[in-house]
Amino acid sequence: MAERHLVTAELLAGARSDGGSSGTSAGARAPVRWSDQAGVHAATVQVAAGQQEGTRAQLWLDDHGNTTSPPTPAESVTAAGTAAGASAVLSASAIVGARTKGSAGRSTDAGSSSGNGNGSWSNPRWNLREQ
């Protein structure tokens with residue numbers, strides 16, 4: 001899937017109807033100019049009707065710097081879902097890693113750790129002798 005990114009362009013002339021339905025953004029076009037790392041670019045694109053020369057417009061570009069349509073809601077949702085899923089996996093990995101690291105010094109052998117110093121598991125109260 002091609003990546004899209006938003007740039008701000010300046011209208012070089014006022015928007016003109018291209019014969020489409022009058023008064024709609026789909027029926028107005030204007031020459032625009034924008035700059036990026038590769039230099040200054042120009043194109044004629046669809047803009048909102050009535051835009052004047054010097055007005056700024058937002059354009060979507062593809063990986064190659066060509067003007068393209070905005071992402072569809074499905075593409076936006078897919079991208080957001082992918083990011084959220086990756087975040088969840090990384091978070092779960094961090095939690096499991098922290099739990100594993102935290103228990104690395106613990107032994108499951110009951111005779112190896114007691115807390116009472118003699119190598120056996122016992123409650124100090126069990127060792128009390130009746131007096």
(message) Could you tell me if the side chain of Gln58 sits less than 4.5 Å from the side chain of Thr8, heavy atoms only?
(response) yes
(request) Decide yes or no for Leu61 and Arg4: does some side-chain heavy atom of the first lie under 4.5 Å from some side-chain heavy atom of the second? (result) no
(request) Compare every heavy atom of Trp34 with every heavy atom of Gly65, then report the nearest pair and how far apart it is. (result) O-CZ2, 4.0 Å
(request) Would you give the length of the straight line joining atom CZ of Arg29 to atom OG1 of Thr44, rounded to the nearest 0.5 angstrom? (result) 6.5 Å
(request) Evaluate side-chain contact (heavy atoms from CB on, under 4.5 Å) for Glu3 paired with Asp63, printing each intermediate quantity in order. (result) CA-CA 6 Å; Glu3 294 294 321; Asp63 290 341; 3.0 Å; yes
(message) In this structure, would Trp60 and Val45 fall into the same cluster of hydrophobic residues linked by side-chain contacts under 4.5 Å?
(response) no
(request) Grab the two heavy atoms, one from Ala28 and one from Ala15, that are nearest each other, plus how far apart they are. (result) CB-CB, 4.1 Å
(request) Starting at OG of Ser69, measure out to CG of Leu59 and round the result to the nearest 0.5 Å. (result) 12.0 Å
(message) Using modelled atom types and a 3.5 Å cut-off, is there a donor and acceptor pairing between side-chain atoms of Asp62 and backbone atoms of Thr68?
(response) no
(message) Any non-hydrogen side-chain atom of Glu10 less than 4.5 Å from a side-chain atom of Val32?
(response) no
(request) Compare every heavy atom of Ala13 with every heavy atom of Ala30, then report the nearest pair and how far apart it is. (result) CB-O, 3.8 Å
